[in-house]
Protein chains: 2
Amino acid sequence: MDYSLLSESPLFRGLTAIEIEKILLQLPHRIRKYKAGTLIYQSGDTINSLVIVLGGIVKGEMVDYAGRIIKIEDIKAPGALAAAFIFGSINRFPVNVIAISDTDLLVAEKSDFLKLLKNNDKILVNFLDLISNRSQFLSEKIKFLNFKTIKGKLAQYILKLADDQKNEIKLDRTQNDLSDYFGVARPSIARVLKEMEQEGYIKVSGRNILIIDKNALLNLTQD
Amino acid sequence: MDYSLLSESPLFRGLTAIEIEKILLQLPHRIRKYKAGTLIYQSGDTINSLVIVLGGIVKGEMVDYAGRIIKIEDIKAPGALAAAFIFGSINRFPVNVIAISDTDLLVAEKSDFLKLLKNNDKILVNFLDLISNRSQFLSEKIKFLNFKTIKGKLAQYILKLADDQKNEIKLDRTQNDLSDYFGVARPSIARVLKEMEQEGYIKVSGRNILIIDKNALLNLTQD
DNA sequence: TTCATTTTGTAACATATGTTACAATCTATC
DNA sequence: GATAGATTGTAACATATGTTACAAAATGAA
């Protein structure tokens, strides 16, 4: 099994390949292989292990009550799966996990993983960082969902892409993806872009956007 | 200083008062006292300490770009403050923290706290549980914000209060508070309640709600 | 009780967004 | 370069929600 990727994973950051090998010798674990398309975990399944994607890509999908599928995120090697659900009181997968490509997973029991956390300072800090970052990401997401208007969301999104410096950006998602991300209808994205152009804040051509009035955009994020 | 409450805090759960005293002897810390109304931390302030409310109540307020204030949550003794922001990459308070009553805070440096985590298994697991629970709470919140219609949110809210058994509940917030919680306008709450009554799903009288058609409500959560 | 304050109920109207449908472009592949 | 499929642009109309305003009812304090 090829563990070389692991040094790039958040959990093993700052460790050399040799140190990682040593750690994995001490950490009881198993490797699971899945073909592309396999349903690996189902929403609601119990989580009592650390799961790391060694190779391949998986996706997390939320199934709403109506049976519709909302794609949440892709996790590619060497990311961890549902790390924020190993501890805490809800030890269940919040989403369906499906292999996009052929996938190898490293699985280690929670109790063994806990021992590792106690014995290795770097891993401990890395893991604390990992799940804290998750919270911080979710907090951001909530701030974002709280924008009431599509204009507000789009303005925020554009300003983020512009990175406080550029005044010319290219949208990194299709309107369709954006509409999913915002939870709105696709034509509304197009309409709002047009409105923002008519109001003189931006210039749109396809996916390229020229920011004309950055202050106006900032104002829109204040809805 | 009175540490007796700490045995009820998530971080010290499962520890006796004596064990906690011992821990606090080893953990360098200081006590800070604030009068009611004081602004303790400002959104954006750096977090490099563990902060626990020993006595009193504080509130977290988010200030949006327009200067409006959104109350996020109350934290009363013996809760921890912004525990999910001690580690991770964003070590800044996401909210203003204000003392509601006279308040005592226990403050310990991150590096000292980290040593404690390494040396005490129970505290380690408690802390992992604590910040994991935070993520899990936020995930739930996001699920909730994703309901697109007010009817969906209200149906979900009512069903949660009904706890899968009762068919008669009393709303535990005013319409005004509910409208804040949902991020909608207050009259919309009243209107939607009336609509749900006209549709025969519930019977409303003031804050009391009788659930008539639970399946219909379940359907509404499927928007 | 009485009065002031908060909470709830309701209505008219404005507006943002959803829905559906289709045309115009773009993009990749043969 | 031709073709199919994806993406973007646009329009007409439906609907949910916001806004504002005020009255009715409940609540709490003197």
Side-chain angles (χ1 to χ4, degrees), chain A residues 64 66 68 70-71 144-158 161 168-199 201-210 216-217 219-223, chain B residues 64 66 68 70-71 144-158 161 168-199 201-210 216-217 219-223:
Chain A
D64 71 14
R68 276 180 316 192
I70 305 164
K71 180 165 155 191
F144 201 80
L145 281 172
N146 266 338
F147 283 114
K148 284 187 277 305
T149 64
I150 297 179
K151 256 183 205 163
K153 296 181 195 197
L154 253 180
Q156 168 85 353
Y157 196 85
I158 290 170
L161 281 178
E168 197 164 9
I169 61 142
K170 188 180 166 93
L171 292 174
D172 58 352
R173 303 176 188 231
T174 66
Q175 288 184 4
N176 218 349
D177 288 347
L178 270 181
S179 69
D180 280 350
Y181 187 59
F182 291 171
V184 302
R186 202 275 307 168
S188 299
I189 300 276
R191 171 171 43 202
V192 166
L193 277 173
K194 194 171 63 166
E195 285 172 8
M196 289 167 78
E197 179 162 36
Q198 284 167 347
E199 284 155 358
Y201 305 156
I202 57 177
K203 185 97 183 40
V204 182
S205 77
R207 246 192 244 194
N208 295 89
I209 293 179
L210 178 67
L217 292 187
N219 269 325
L220 285 179
T221 64
Q222 304 178 13
D223 62 320
Chain B
D64 71 15
R68 276 179 318 192
I70 304 165
K71 181 167 154 192
F144 200 79
L145 281 171
N146 266 338
F147 283 114
K148 283 187 277 303
T149 64
I150 298 179
K151 256 182 206 162
K153 295 181 196 198
L154 254 179
Q156 168 86 354
Y157 195 83
I158 291 170
L161 282 179
E168 197 166 7
I169 62 141
K170 188 181 166 92
L171 291 174
D172 58 351
R173 302 177 188 231
T174 65
Q175 288 184 5
N176 217 348
D177 288 347
L178 271 181
S179 68
D180 280 350
Y181 187 60
F182 291 170
V184 302
R186 201 276 307 168
S188 300
I189 301 276
R191 172 170 41 203
V192 165
L193 277 173
K194 194 171 64 166
E195 285 173 8
M196 287 166 79
E197 180 161 35
Q198 284 167 348
E199 284 156 358
Y201 304 157
I202 57 178
K203 185 97 184 42
V204 182
S205 77
R207 245 192 246 193
N208 295 312
I209 293 178
L210 177 67
L217 292 186
N219 270 325
L220 285 179
T221 65
Q222 305 178 11
D223 62 317

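Heavy atoms only: backbone and side chains are in, while hydrogens, waters and symmetry mates are out. Lettering of chains follows the sequences in order, A, B, ..., and the numbering in each one begins at 1.
The interatomic distance linking A:D172 (CG) with D:dT7 (C1') rounds to 15 Å, in whole Å. Note: CD (B:Q175) to P (C:dT7) measures 10 Å, nearest angstrom. Between the CG atom of A:L193 and the P atom of D:dT10 there is a distance of 11 Å, rounded to whole Å. What separates CG of B:L178 from P of D:dG18 is a distance of 13 Å, to the nearest Å. B:E195 places its CD atom 14 Å from the C1' atom of C:dG9, with the value rounded to the nearest Å. Atom pair A:M196:CE and D:dT10:C1' shows a separation of 18 Å (rounding to whole Å applied). As a whole-Å value, the separation of B:K170 NZ from C:dT7 C1' is 12 Å. As a whole-Å value, the separation of A:K153 NZ from C:dG18 C1' is 13 Å.
Among the nucleotides C:dG18, C:dT10, D:dT8, the one closest to any side-chain atom of B:P187 is C:dT10. Residue B:R207 places its side chain closer to C:dT7 than to any other of C:dT7, D:dT17, C:dT10. When each of D:dG18, C:dG18, D:dT7 is scored by its nearest atom to the side-chain atoms of A:I150, the top-ranked nucleotide is C:dG18. When the nucleotides C:dT17, D:dG9, D:dT19 are ranked by their closest atom to the side chain of B:A185, D:dT19 comes out on top. Listed nucleotides C:dA11, D:dT17, C:dT8 differ in distance to B:K194; the shortest reach to its side chain belongs to C:dA11.
Within the 4.5 Å cutoff, side-chain heavy atoms of B:Q175 are placed close to those of B:L193. Contact check for B:D172 versus B:R207: no side-chain heavy atoms found under the 4.5 Å cut-off. Under the 4.5 Å side-chain criterion, counting only non-hydrogen atoms from C-beta, B:Q156 is not in contact with B:L220. Contact check for B:R186 versus B:T174: no side-chain heavy atoms found under the 4.5 Å cut-off.
Taking only side-chain nitrogens and oxygens, A:T149 never comes nearer than 4.0 Å to OP1 or OP2 of C:dA16. For D:dT7, neither phosphate oxygen OP1 nor OP2 lies less than 4.0 angstrom from any side-chain nitrogen or oxygen of A:T174.
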Pair A:K153-A:L178, side chain to side chain contact (heavy atoms under 4.5 Å, CB included): steps then yes or no | CA-CA 10 Å; A:K153 296 181 195 197; A:L178 270 181; over 6 Å; no

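Remark on DNA chain C: of its neighbouring residues B:R191 and B:R186, the 5'-side contact belongs to B:R186, judged by nearest-heavy-atom nucleotide.
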